[in-house]
Amino acid sequence: MTLRSPGRTGATDTLTGGPRRRRASGFGGSRRARGGAPLPLLVPALIGLAFLTLPLVALLIRAPWRSMPDLLTSPEVWQALRLSLVCATAATAVSLVIGVPLAWLLARVEFPGRGLVRALVTLPLVLPPVVGGVALLMALGRNGVVGKWLDSWFGVTLPFTTTGVVIAEAFVAMPFLVISVEGTLRAADPRYEEAAATLGASRFTAFRRVTLPLIAPGVAAGAVLAWARALGEFGATITFAGNFPGRTQTMPLAVYLALQNDPESAIALSLVLLAVSVAVLAGLRDRWMSAS
């Protein structure tokens, strides 16, 4: 048995194997740093990288850079760009108003069927957007389950309107916000809320004064994701709201239409959407792009 000297804490810890594990860990780390990737993994990895990046590089190569200012300031393109920004921002606001309380409900309240509710909330993530647009028509169309009452009682018609664009974008974008906020809520320490409750704060006051400032970064990240998803929405929008210039024609719809008649305008609009996506990734680099 090896005796342990009071002045040397880590040198004689032979029984526990501490130094041996540290040496092994350091050796493994150095091997990982020096070793190259095996060829059977390197080749498909490079093919995958080329597959994902080559279309984006081709878009940059074929972009009409000289005529880009004229294309982006043309009335049709500017109209679609402005409508997209307004509708995506409105859809994000709707998602914040009803999505944050929904995320709090899923993260903090135990109730029967919570797993089913979470599955229904995340369903638009995997649902084909066109199917989502059809579902919105069946629910909110003029003859829909709810839409017929909105039309007969209040004279409100949602399909093929700018409001319909906002609804379609919020339908497909809100799950991104809910998932992000729910994950942040689950990671947050609930003892702060409990401490606020012991001081006499109601549950809503604790949420407003304690929880919401605590999860603000997660809410911001979810809002950015939802905004970017709403800005790029195509299938549900064209199915539920149509493709009417100045009223429902957003940038993805304008890209689809311009690709048939004016490919340069389609490329210019695509570059705008690409720049937005890059900006979103840059803004969320601490969450997704940091090295572990």
Side-chain angles (χ1 to χ4, degrees), residues 72 75-104 121-125 127 129-130 132-142 144 146-147 150-151 154-182 212 215-257 269-270 272-277 279-280 283-284:
L72 292 180
E76 297 81 8
V77 172
W78 176 247
Q79 199 174 50
L81 176 60
R82 182 178 57 185
L83 182 65
S84 294
L85 295 175
V86 170
C87 291
T89 304
T92 304
V94 172
S95 300
L96 284 169
V97 171
I98 61 180
V100 173
L102 178 57
W104 179 87
V121 169
T122 56
L123 185 60
L125 292 176
L127 191 69
V130 175
V134 173
L136 288 172
L137 277 175
M138 296 301 101
L140 301 175
R142 183 168 295 178
V146 178
L150 292 176
D151 186 26
F154 306 103
V156 175
T157 303
L158 296 176
F160 310 109
T161 63
T162 305
T163 305
V165 176
V166 175
I167 292 175
E169 291 181 351
F171 177 77
V172 299
M174 192 172 68
F176 289 90
L177 174 73
V178 174
I179 290 176
S180 177
V181 176
E182 183 188 0
L212 199 55
I215 65 171
V219 174
V224 171
L225 287 175
W227 185 82
R229 179 63 183 88
L231 191 68
E233 167 52 31
F234 176 82
T237 302
I238 197 172
T239 306
F240 182 65
N243 187 14
F244 300 101
R247 190 170 65 182
T248 65
Q249 188 181 88
T250 57
M251 281 197 294
L253 275 63
V255 169
Y256 176 76
L257 187 64
L269 279 171
S270 299
V272 173
L273 294 174
L274 177 62
V276 170
S277 301
V280 169
L284 299 178

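Since the model is a prediction, treat every value here as computed from it, not as a measurement.
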Seminar exercise, completed: Scanning both residues in full, the closest heavy-atom pair of Thr157 with Arg142 reads CG2-NH2, 3.5 Å
Exercise. Does any N or O in the side chain of Thr92 come within less than 3.5 Å of the main-chain N or O of Ala88, such that one atom is a donor and the other an acceptor?
Worked result: yes
Problem set entry | Inter-residue atom distance Thr89.OG1 - Glu169.CD, 0.5 Å rounding | 9.5 Å
Seminar exercise, completed: When rounded to the nearest 0.5 Å, the distance separating OG1 of Thr122 from CG of Leu127 is 11.0 Å
For this session: With the side chain counted from C-beta on, respond yes when Thr162 and Cys87 share a heavy-atom pair under 4.5 Å apart, and no when they do not.
Result: yes
Problem set entry | Minimum heavy-atom distance Thr239-Gly235, with the two atoms named | OG1-O, 2.8 Å
For this session: Measure the CD1-CD distance between Ile238 and Glu233 for me, rounded to the nearest 0.5 Å.
Result: 10.0 Å
Seminar exercise, completed: Pro124 and Phe171 have their tightest heavy-atom pair at CB-O, 3.6 Å
For this session: Quick one: pull up CG in Asp151 and CG in Leu158 and give me the separation to the nearest 0.5 Å.
Result: 9.5 Å
For this session: Please examine the side chains of Val156 and Thr163, heavy atoms only from C-beta on, and report whether any two atoms are closer than 4.5 Å.
Result: no
Seminar exercise, completed: All heavy atoms of Ala226 vs all of Ala173, minimum pair found to be O-CB, 3.3 Å
For this session: Evaluate the side-chain proximity of Leu273 to Leu269: yes if any heavy-atom separation is below 4.5 Å, no if none is.
Result: no
For this session: Count the heavy atoms of every other residue, nucleotide or ligand shown that sit under 6.0 Å from OH of Tyr256, and state whether that count exceeds 12.
Result: no
Exercise. Going by heavy atoms in the side chains, are Leu72 and Trp78 under 4.5 Å from each other?
Worked result: no
For this session: Could you tell me whether the side chain of Val181 reaches within less than 4.5 Å of the side chain of Trp104, counting heavy atoms only?
Result: no
Exercise. Would you call Leu253 and Thr250 a side-chain contact if the rule is heavy atoms closer than 4.5 Å?
Worked result: yes
Exercise. Do the side chain of Ser180 and the main chain of Ala221 share a donor and acceptor less than 3.5 angstrom apart?
Worked result: no
For this session: Can you see which heavy atom on Arg229 is nearest to which on Phe176, and at what distance?
Result: CG-CE1, 3.5 Å
For this session: Walk me through it: do Ile179 and Leu125 pass the test side chain to side chain contact (heavy atoms under 4.5 Å, CB included)?
Result: CA-CA 10 Å; Ile179 290 176; Leu125 292 176; 3.1 Å; yes
Exercise. Where is the tightest heavy-atom contact between Met251 and Ser84, given as atom of each residue plus distance?
Worked result: N-OG, 2.6 Å
For this session: For the residue pair Leu85 and Leu231, establish whether any side-chain heavy-atom pair is separated by less than 4.5 Å.
Result: yes
Exercise. Does some side-chain heavy atom of Phe244 sit less than 4.5 Å from a side-chain heavy atom of Thr161?
Worked result: no
